[in-house]
Novice: 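If you scroll down you'll find the structure; I have some questions about it.
Side chains included, hydrogens not; waters and symmetry mates left out as well; all remaining heavy atoms used.
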Amino acid sequence: MVATTVVPSANVFGATYSEELQGAYNWAHENGITTMDTIDRANMYGAITRAEMAKMLANYAKSFTDREANASAACNFTDTASVKGDLATAIVEACQYGIMGQGISAFRPYDTISRAEFGTALSRLLWGTTYEGGTPYYAKHLEALKAAGIMNQIANAESTKEVRGYVMLMLERASDGEAGV
């Protein structure tokens, strides 16, 4: 489940973070990927929902890519009426950027995401549809992310729940290498 080997280096309010994870939080906060004002409030080891992931990826797309959102994309979902504020906006934006939500009627905003789902969405953000069509659906996406040095652990991707801190870390790695952007 771990994106890299976690070596504890800082203890903040009882939680321990590696230097790499602390750096990923700092990068994400400075670049608007997270708005949480402390690493503990960012819940680095907490599971991330589809709506939260949409927000992080849409913010990344706006800040680190030259992609244009397709405002005419059909991004109406049967289950997002209860989602409010910036998360509601981000769901539509992630769909309009072609990252997630294409061809589905239910977005499942409160479902947690797997490594397979995150990797597929991140790959789409970086490289568009280049790695679509794998078996299983995420295989080519995750292999490309691993080859680019963005995602280290791709085994058991469907059963591995993704966490906020590793999403930040992989987004930082993608921006450092400017892979596909």
Side-chain angles (χ1 to χ4, degrees), residues 3 28 31-35 46-151 153-164 166-175 177-181:
N31 288 288
I33 305 301
T34 182
T35 56
I48 185 169
T49 66
R50 289 177 53 83
E52 293 163 339
M53 181 179 75
K55 181 180 174 183
M56 288 179 145
L57 294 178
N59 287 344
Y60 184 96
K62 287 184 259 184
S63 297
F64 291 95
T65 74
D66 57 1
R67 293 177 70 148
E68 295 290 326
N70 177 1
S72 64
C75 297
N76 302 312
F77 303 104
T78 60
D79 59 350
T80 56
S82 66
V83 181
K84 303 295 180 210
D86 58 352
L87 289 180
T89 301
I91 289 169
V92 173
E93 289 174 340
C95 175
Q96 291 176 338
Y97 277 114
I99 303 166
M100 47 191 309
Q102 289 68 46
I104 60 173
S105 59
F107 190 84
R108 303 181 347 260
Y110 303 111
D111 286 4
T112 57
I113 61 162
S114 67
R115 172 68 48 99
E117 291 170 305
F118 170 68
T120 300
L122 179 57
S123 173
R124 287 178 183 153
L125 172 60
L126 299 175
W127 302 299
T129 59
T130 302
Y131 298 106
E132 295 288 333
T135 303
Y137 73 93
Y138 57 84
K140 291 180 182 180
H141 294 289
L142 271 55
E143 289 165 8
L145 291 167
K146 186 169 185 171
I150 296 168
M151 182 179 282
Q153 301 294 324
I154 62 173
N156 304 312
E158 278 189 284
S159 60
T160 300
K161 289 295 181 188
E162 199 58 80
V163 296
R164 288 176 180 85
Y166 296 135
V167 168
M168 292 177 205
L169 178 60
M170 288 182 262
L171 289 173
E172 179 187 30
R173 288 177 181 163
S175 72
E178 298 186 24
V181 295

Novice: So which heavy atom on Ala90 is nearest to which on Ala58, and how close?
Specialist: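 Nearest heavy atoms, Ala90 then Ala58: O-CB, 4.2 Å.
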Novice: Write down the atom of Ala69, the atom of Tyr97, and the distance for their closest heavy-atom approach.
Specialist: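 Closest pair (atom of Ala69, atom of Tyr97, distance): N-CE2, 3.6 Å.
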Novice: Please determine whether side-chain contact (heavy atoms from CB on, under 4.5 Å) holds for the pair Tyr131 and Glu143, giving the CA-CA distance in whole Å, both sets of side-chain angles, and the decisive distance to 0.1 Å.
Specialist: CA-CA 9 Å; Tyr131 298 106; Glu143 289 165 8; over 6 Å; no
Novice: Hey, mind stepping through Ser175 and Tyr60 against side-chain contact (heavy atoms from CB on, under 4.5 Å) and telling me if it holds?
Specialist: CA-CA 9 Å; Ser175 72; Tyr60 184 96; 3.7 Å; yes
Novice: Leu145 and Leu126: side-chain contact (heavy atoms from CB on, under 4.5 Å), yes or no, with the steps?
Specialist: CA-CA 9 Å; Leu145 291 167; Leu126 299 175; 4.0 Å; yes
Novice: Within a strict 4.5 Å, meaning less than it, do heavy atoms of the Arg115 and Tyr138 side chains meet?
Specialist: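 They are not in contact (no side-chain heavy atoms under 4.5 Å apart), so the answer is no.
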Novice: Are any non-hydrogen side-chain atoms of Phe64 and Asn31 less than 4.5 angstrom apart?
Specialist: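 Result yes, sub-4.5 Å side-chain heavy-atom pair found.
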Novice: Please answer whether the main-chain N or O of Ala116 pairs with a side-chain N or O of Thr120 as donor and acceptor at a distance below 3.5 Å.
Specialist: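 Flag set: sc Thr120 to bb Ala116 pair under 3.5 Å.
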Novice: To the nearest 0.5 angstrom, please state how far the CD1 atom of Ile33 sits from the CE atom of Met168.
Specialist: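 So the CD1 of Ile33 and the CE of Met168 are separated by 9.0 Å.
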Novice: Can you see which heavy atom on Met170 is nearest to which on Ile150, and at what distance?
Specialist: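 The answer is CG-O, 3.2 Å.
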Novice: Ignoring hydrogens, what is the shortest heavy-atom contact between Arg50 and Met100? Give both atom names and the distance.
Specialist: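 That would be O-CE, 3.8 Å.
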Novice: Exactly one of Arg124, Lys161, Arg108 should register a salt bridge (Lys or Arg N to Asp or Glu O under 4.0 Å) with Glu117. Which one does?
Specialist: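 With Glu117 as partner, Arg124, Lys161, Arg108 yield a single salt bridge (Lys or Arg N to Asp or Glu O under 4.0 Å), made by Arg108.
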Novice: Any chance you could lay out the side-chain contact (heavy atoms from CB on, under 4.5 Å) test for Thr49 and Leu87, step after step, and finish with the verdict?
Specialist: CA-CA 11 Å; Thr49 66; Leu87 289 180; 5.8 Å; no
Novice: Spell out, as yes or no, whether a donor-acceptor pair under 3.5 Å connects the side chain of Gln96 to the backbone of Ser72.
Specialist: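 No, because the side chain of Gln96 does not come within donor-acceptor range (under 3.5 Å) of the backbone of Ser72.
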Novice: Once you round to the nearest 0.5 Å, how far does CH2 of Trp127 lie from CG of Leu122?
Specialist: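 Taking CH2 in Trp127 and CG in Leu122, the distance rounds to 6.5 Å.
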Novice: Is there a side-chain contact between Cys95 and Gln102 in this structure, where contact means two heavy atoms from C-beta onward sitting under 4.5 Å apart?
Specialist: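 A side-chain contact under 4.5 Å exists here.
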Novice: Taking all heavy atoms of Phe107 and all of Asp79, pick out the closest pair and write down the distance.
Specialist: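 In this case the closest contact between Phe107 and Asp79 is N-OD1, 2.8 Å.
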Novice: Would you say Glu93 and Lys55 make side-chain contact, with heavy atoms under 4.5 Å?
Specialist: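 They are not in side-chain contact.
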Novice: Can you find a pair of side-chain heavy atoms, one from Val163 and one from Phe118, that are under 4.5 Å apart?
Specialist: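 The answer is no, as the side chains (C-beta and beyond) never meet within the 4.5 Å cut-off.
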Novice: Distance check, rounded to the nearest 0.5 Å: Met56 atom CE versus Leu171 atom CG?
Specialist: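 Reported value, rounded in 0.5 Å steps: 7.0 Å.
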Novice: Distance from Leu57 atom CG to Glu52 atom CD, nearest 0.5 Å?
Specialist: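 Spacing of CG (Leu57) from CD (Glu52) equals 12.0 Å.
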Novice: Find the distance between OG1 (Thr160) and CD1 (Ile154) and round it off to the nearest 0.5 Å.
Specialist: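 The distance works out to 11.0 Å.
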Novice: So which heavy atom on Arg164 is nearest to which on Ala47, and how close?
Specialist: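 In terms of heavy atoms, the two residues are closest at NH1-O, 2.8 Å.
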